[in-house]
Amino acid sequence: MSLIQSGFIYWFFVVLLMIGMYGAVGKDNLVKKLIGLSIFQTAIILFYVSIGFKNGPATIPILQGGHGEPIKDIAAASYFNPVPHVLMLTAIVVGVATVGVALAVIQRLYAEYGTLEENEILDKIANS
Amino acid sequence: MTWILEAFLLLFIIGVAIAALESKCLLTSSIILGAYSFMMCLIYAALGAVDVAFTEAAVGAGAGTVFFLATILRTDRKTSR
Amino acid sequence: MSDQLIILAIIYPLFVGVVTSLMPCRERLLAIWGMVHLALANLLSLGLLVQTLTEHQVTYHLSGWAPPLGIELRATVFSGLISWLISAVALVGFIGGRDTWKDQVGERLPHFLALFFLLVAAFQGLCLSNDAFNLYVMLEISSLATYGLIAFGGGRAYLATFHYIVMGTIGASFYLIGVGYLYIKTGTLNISDLAQILAGVPWTEAYILALGFLIIGLLLKMAVFPLHLWLPNAYTYAPDATSILVAPLSTKLAVFLMFRVMFDIFGGVIDDNIPSWSLFMVLLASFGILAGTSLSLAQRDLKKIFACLIVAEAGYMLGGLWLHDPRGNVGALFHLVNDAVATLVLFLVVVAVQESVGGRNLGHLSGLFRKSPLTAAALIVVAFNLIGVPPFAGFFSKATLITGAIASGRLEFVVALLLASLGNLVIFFRILERAYFPSEEPFEEKWTRSKRGDVLGALALCIGLFLIVLGLQSNTIMDLFIRPVVPL
Amino acid sequence: MKRLALVMSILLGLLLLKGTADFPQFGDPNSPASAGHPNSSEDSHVSVRYITEAYGETHVPNLVSAILADYRNFDTMFETTVVFTAGTAIFLILRLPLGVLARRRSKAEMPRTLPPLARDPILEMACRVLFPPIQLFGLYVLTHGHYSPGGGFQAGVILGASFILLAIGFDLRGTLSRLPESVYNPFTALGVAFYIGIGLLCLVLGGNFLDYEALRQVVPLSSQEIRSQGILLVECGVTVTVGSVIFAIYTNLVSRGLHREGL
């Protein structure tokens, strides 16, 4: 019996999503918000990846024996579903691109206000 | 019996995610986030998504962590909350 | 060649954007370069519009694979119209924002223009793609380009951008969860394929949640009332050259996307299930309209007033889409077109006012009519449109929305629409009173007439007068472009 | 705010869990996602179709690469554009105009600078030794992406990381004097332009956008071979863009866009 390769992984995905959501919305520190956002995105990636899993004799979506003679008679049940994997490659790259832009904005915010705490920045804006 | 190991891993990942959010030092947080990413790679690989695991290891855990570190060293590494 | 128009409408601005980042930073050269290419992009979109009018629907199979395998593009008459609207707004925004380059962009001009073109390409993709996941990628490119374009304004733009990044990413992630829920239940990503499968399934929790997550994600992007927090500051503190492009299009495309989610993906099942959703969504929209208008009433910065009006306008379209009445949908889509043009005029006027009187607070407006009559005239035109005076397009879109609301018995929406018109009347009365009847005579000697302000005012006025054309031809436009795509 | 966030995330979790109860059995090989929905026609069951036919059509055993760079290559093109967009946006945000910078400096408001780091011979030697194998591995990941996990994105990140290693191990200024911005910055655009160019070439040769079959008019190969080579070509474009953008993002972030001093 395996926990990762079972429906239990949905619970895990939901827990990670909740942690990420809490971090992204509830934290005051801007970097912490971003870390929450990263966790949020990895949770979604986990969800998609779990869609592609198949019980039984299935294995990773790289055809066996691809180097040699042409492969014949490929059964769909013997390989995991590659589509969610393709989609998630895109999502990972998008996630890191977003993080990069957000970090650039954070650097500018720090240069402008000298702090990374959102409430302190808001105070400084209100006082100016 | 693998489920005991797996349960340990899953609990550990959740602990790491919370630690990344709750740590008082941002430098620690971002390193922990890198560790979190790497452990998620394990899960992806266990679910058969080797390409996703590879990309997460290179892009998420590698490049993402470096970006976080670069920013934190340029700004402030302390946080009160 | 003509069957490639639809892909060229997306690829052309994309390619130009990528090449632009390699150009030397010479302002005049870049201005001509951008203008020429945007004009050509306009021609391409116009060609696509004509093609959709003759063929009703244009589809395109990317990389030669038939739809469920590969990604498909699909243009209906309405998306053809939106595609052209995007190119046209981009051209006007480019011309309108050109004057602010020197102060606000400086040496980064090639990169700024690269993002500008990439944003146009992403908008085109959002409007033409027929693949649920491809739409997510387009959503993210448009957001990333917008973040960059807003944040480089500096000052308070940074915090606004950060909020936008957090909320925008959560919105896009919700959209992604919705797509995932649909994928796990249906095994396809193509929108037409999804619609076909969904038409014959029992309506269970996973579908409800899929629809729910898609809608929440898009509501965040649309900035409807409780989820609007990012919008007013982001648009107010964005550089003018950015806000002219982003403000008219960004939220409207989210509305269009919501229309497609409702009727292209869930078209077969939504009719039976809409009443309970409609109850809540129209209420939300009514609240959104009132909240947006009252937010706007509380502001003193002209740009922020208009940014808050966008929040209210999003409520009009949301309510129209969920009225469960074809007239409501027609009204919402017509309002989308009308509002895109009106918002363009509003933000052009902001730039023109800044050029003419040197500030954009209500206090600065004193005597605008004497200083730049054309800008003041444009302000009147767009005010009439937003208040809903016939024969402006705003009147006809609101009238259609109200008939739809009455037909489906949603009186709270009617009340919200009428109150919003009243609110707009007050907002623009405050502005116009200062512009036309200054309380004291401004110091004439300190002030020099701004030629740029006049040119921009004239441009805004021309586009504002186009709203009358839109209004007078409203029935033709609805018949030609909107009624064919709205399910009856 | 904290309480609100907690309530929101718990609500979200409950909603998501409610949805998962309605999912098909976990890992069921006959679930709609894996075997197609019964409501759709047999030939539109994409996942099955990809697994059984992709090798015959593209000669790429790594199904993920085949789908990523052939069947759904339009997505991948925009994914590369996302990376390029992020690089451009970060440049735009961090590179302040000279006028603003001058004003900053006069007000002595420059953000804090790091103390100069001592040179470490062991670290430098380690970087020197590691640098070539990392790059070689990057190229391997790119070219072997047809047969094993890997492809353009991973290769690009690895190549970019090799330069980041140089910048960390030595110092940013030294690295930038060898690899100046004027050299790597154009590559961010050239990679995407190359990708789009391949697509446009297909279009000019009479196919649809990014339909590698059309390339057979200039390169006489079988339909499968040309798809396989087309995949490699676009992955090269991806690698160039991703590698240079990763490095560009790093240099801009670590020096606040000034490129004067790094880590």
Side-chain angles (χ1 to χ4, degrees), chain A residues 1-6 8-9 12 15-16 19-20 22-23 26-32 34-36 38-39 41-43 45-46 48-50 52-54 58-62 79-82 84-86 88-89 91-93 95-96 99-100 103-104 106-107 109-111 114-117, chain B residues 1-11 13-14 16-18 20-24 26-27 29-30 32-33 36-37 39-65 67-72 74-81:
Chain A
M1 180 196 154
S2 165
L3 282 182
I4 295 179
Q5 299 172 351
S6 73
F8 184 76
I9 203 76
F12 185 60
V15 170
L16 283 185
I19 295 173
Y22 172 71
K27 284 285 167 188
D28 251 339
N29 189 288
L30 302 180
V31 177
K32 287 283 176 65
L34 215 51
I35 289 175
S38 290
I39 295 174
Q41 283 175 330
T42 39
I45 294 167
L46 176 65
Y48 267 79
V49 163
S50 69
F53 186 78
K54 285 179 196 170
T59 179
I60 58 171
I62 297 175
Y79 295 101
F80 296 139
N81 180 2
H85 303 180
V86 175
M88 282 312 100
L89 287 191
I92 291 175
V93 174
V96 116
V99 164
L103 287 173
I106 285 179
Q107 288 204 356
L109 275 169
Y110 186 77
T115 174
L116 290 178
E117 308 292 327
Chain B
M1 281 309 276
T2 50
W3 73 272
I4 300 176
L5 263 178
E6 287 180 352
F8 186 70
L9 177 66
L10 295 184
L11 281 179
I13 291 180
I14 290 177
V16 162
I18 294 173
L21 279 177
E22 295 299 330
S23 161
K24 293 269 187 286
L26 292 178
L27 199 61
S29 282
S30 46
I32 293 178
L33 185 69
Y36 166 83
S37 279
M39 280 190 276
M40 288 305 279
C41 292
L42 287 183
I43 309 266
Y44 300 156
L47 285 167
V50 275
D51 271 273
V52 181
F54 191 0
T55 315
E56 174 74 24
V59 181
T65 309
F67 294 165
F68 266 110
L69 289 185
T71 303
I72 287 161
R74 279 293 161 201
T75 52
D76 200 352
R77 66 169 75 170
K78 295 271 182 313
T79 173
S80 46
R81 285 155 282 259

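As the structure is a prediction and not an experimental result, all values here were calculated from the model.
- With values rounded to the nearest 0.5 angstrom, B:I18 atom CD1 is found 4.0 Å from A:I19 atom CD1.
- In this structure, chain B has a heavy atom under 4.5 Å from the side chain of A:I62, while its backbone stays farther away.
- Of all the heavy atoms in B:G48 and A:P61, the pair that sits closest is O-CD, 3.5 Å.
- The distance from the CZ atom of A:F80 to the CG atom of B:L47 is 8.0 Å, given to the nearest 0.5 Å.
- Per-residue counts of heavy-atom pairs under 4.5 Å with chain B were compared for A:Y48, A:Y22, A:F12; the largest is that of A:F12.
- With rounding to the nearest 0.5 angstrom, the CD1 atom of A:I35 is 8.5 Å from the CD1 atom of B:I32.
- Residue A:Q107 comes nearest to B:T75 through the heavy atom pair CA-CG2, 4.1 Å, listed as atom of the first residue, atom of the second, then distance.
- Options B:I4, B:L5, B:L10 differ in how many heavy-atom pairs under 4.5 Å they form with chain A, and the most are formed by B:L10.
- Considering all non-hydrogen atoms of both residues, B:S29 and A:K32 come closest at OG-CE, 3.2 Å.
- With chain B as partner, the option from A:V99, A:L116, A:L46, A:V96 having the largest number of non-hydrogen pairs under 4.5 angstrom is A:L46.
- Taking chain B as the reference chain and counting heavy-atom pairs below 4.5 Å, the highest number among A:I9, A:T59, A:I60 is found for A:I60.
- Of the atoms belonging to B:F54, not a single heavy atom falls under 4.5 Å from chain A.
- Of the inter-residue distances, the one linking B:M40 atom CE with A:I39 atom CD1 reads 9.5 Å to the nearest 0.5 angstrom.
- With chain A as the partner, the residue from B:L9, B:I43, B:I13, B:V52 showing the most heavy-atom pairs under 4.5 Å is B:V52.
- When the candidates B:I14, B:V50, B:D51 are compared by the number of heavy-atom contacts under 4.5 Å with chain A, B:I14 comes out ahead.
- The nearest pair of heavy atoms linking A:I92 to B:G60 is CG2-N, 4.5 Å.
- Rounded to the nearest 0.5 Å, atoms NZ (B:K24) and CG (A:N29) are 11.0 Å apart.
- Inspection of the B:Y36 and A:T42 side chains reveals an N or O donor paired with an N or O acceptor under 3.5 Å.
- For chain B, the nearby parts of A:S50 are the backbone and the side chain; heavy atoms of each come within less than 4.5 Å.
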